[in-house]
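As the structure lists them, so they are numbered: ligands from 1, and atoms in each ligand from 1. Side chains are part of it too, since the values below use all heavy atoms of this structure and drop only hydrogens, waters and symmetry mates.
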Amino acid sequence: MMQYQRSSSLFSEAQKVIPGGVNSPVRAFKAVGGTPVFLTHAKGAYLFDEDNNRYIDFIASWGPMILGHAHPQVVEAIKERADKGTSYGIPTALETQIAQQALSMVPHMDQIRFVNSGTEACMSAVRLARGFTGREKLIKFAGCYHGHADAFLIQAGSGAVTFGSPNSPGVTAGTAKDTLLAQYNNLDQVAEIFKANPNQIAAIIVEPVAGNMGCVLPKKGFLEGLRSLCDAHGALLIFDEVMTGFRLAPGGAQECLSVRADIATYGKVIGGGLPVGAFAARKDIMAFLAPLGPVYQAGTLSGNPLAMTAGLTMLQLLQAHPETYTSLDKKTEYLHLRMIPFLEQKGIAYQINRLGSMISLHFTDTPVEDFETAAKGNNTLFKTYFHGMLKRGVYLPPSAFESYFLNDAISQQDLDQTLDAFSKTLKEL
Ligand code: KE4
């Protein structure tokens with residue numbers, strides 16, 4: 001039986017000096033109860049905590065560790081680079097290299113600007129869209145999460161939902177009035193909003209495959225419909241590909257769903273596990289960005305050489321090994337198809353949503369197509385499920401409003417061990 005003594009004493013220590021003991025709320029296990037485990041290290045598909053427990057990892061640091069933890073080539077590249085200095089605040093050829101690498105993988109984008117997080121990428125993309133169109137309003141979808149910038153914390157997903165406060169205090173009414181909300185997969189509603197706000201909408205921002213309500217797939221025609229509405233009304237379509245970018249395909253959702261965005265934002269995988277975000281667009285849009293144009297955006301550590309090195313190595317590995325994507329898809333499908341008989345045998349209401357290596361299990365008999373249906377999931381069952389898997393050595397996202405992320409270091413044996421833990425845990429529900 002696993003024990004967590006060291007983690008719980010470390011958690012009490014942490015809470016004295018860090019709000020909630022964590023540097024990102026979802027890590028605090030508030031949605032599932034209990035004490036968060038504290039890690040000492042991670043390698044390949046495995047996490048190792050302070051009490052010497054080992055877990056098969058299904059969050060991959062919420063996406064970045066798509067090839068598994070401490071990938072030797074990424075680590076080697078970082079070590080080598082560190083000896084040359086860790087930050088300059090002065091341009092390097094490295095930034096051009098990773099820009100060229102990323103742009104060679106994603107469709108429809110001419111230029112890219114690097115920042116330090118997905119939040120920064122999304123907030124910069126919205127400012128650029130507002131500057132480019134001269135308009136103020138933004139359409140987002142309930143349950144989608146684009147980071148913690150004020151404009152997005154209106155019915156946000158991920159941790160914001162977990163805390164049941166999707167409209168965060170501190171976001172002013174002035175800001176909130178410019179963010180218009182629609183239901184994911186509801187094209188009619190978006191058309192209505194455009195009609196009610198003629199020539200005022202700068203952009204739609206959307207997770208092309210949502211991962212912050214659990215995994216929620218776009219219905220057939222949804223993204224294509226957003227594309228047409230933006231074209232008809234002179235707004236920009238922003239794909240928030242912080243999760244899907246370089247994960248669903250080298251070219252992300254734009255490639256695998258064949259819908260063109262005007263601006264795409266990236267994070268997670270693009271940094272190879274170091275803090276990197278980015279946003280990309282056509283040249284004429286990026287020409288509005290300082291120092292070329294009037295839209296200001298900056299960052300001391302943007303283009304940081306260590307982070308660029310980690311990201312460049314990761315992208316080069318993914319481009320050199322496209323079989324990673326089929327391998328990830330196959331492993332996720334293997335898990336998906338073998339979970340079903342256990343769930344059927346248990347006779348429990350469930351939905352499984354999956355695209356590529358993004359998957360989530362919802363304890364509800366209603367298809368999960370938007371935030372409202374995602375919120376219908378039985379969270380009490382989810383808590384028991386989460387801890388049942390954790391104590392059997394499987395680390396799932398500690399919230400029902402998250403997608404699982406497989407990494408390609410997960411072996412067949414790990415998958416079978418996960419399914420064994422799954423069948424035993426279901427018996428406890
Ligand atoms: P960051 O600022 O956390 O790098 O990225 C924000 C962001 C933007 N867009 C999407 C689609 C995202 O999923 C995220 C961040 N994802 C969460 C997990 N759902 C990060 C985990 C956390 O908040 O600790």
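- Contacts of Arg282 classified as side-chain hydrogen bond (donor to acceptor under 3.5 Å, both in side chains), with partners at least two apart in sequence or in another chain: Asp262, Asp284.
- If you check the side chains of Gln297 and Arg113, you find a donor sitting under 3.5 Å from an acceptor.
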Sequence neighbours left out, cut at 3.5 Å: what donor-acceptor pairs do the side chains of residues 66-77 make with other protein atoms?
unit_1	atom_1	unit_2	atom_2	d
His69	NE2	Asp57	OD2	2.6
His71	ND1	Gln73	N	3.2

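- No hydrogens or angles considered: nothing links the side chains of Ser399 and Glu402 as a donor-acceptor pair under 3.5 Å.
- Partners of Lys283 by salt bridge (charged side-chain N to carboxylate O under 4.0 Å, His left out), not counting sequence neighbours: none found.
- The protein residues lying under 4.0 angstrom from ligand 1, judged by non-hydrogen atoms, are Ser24, Val26, Trp62, Ser117, Gly118, Thr119, Tyr145, His146, Gly147, Ser158, Glu207, Asn212, Asp240, Val242, Met243, Lys268, Glu402.
- Checking Asp408 against Ser327 by side-chain atom types alone, a donor-acceptor pair falls below 3.5 Å.
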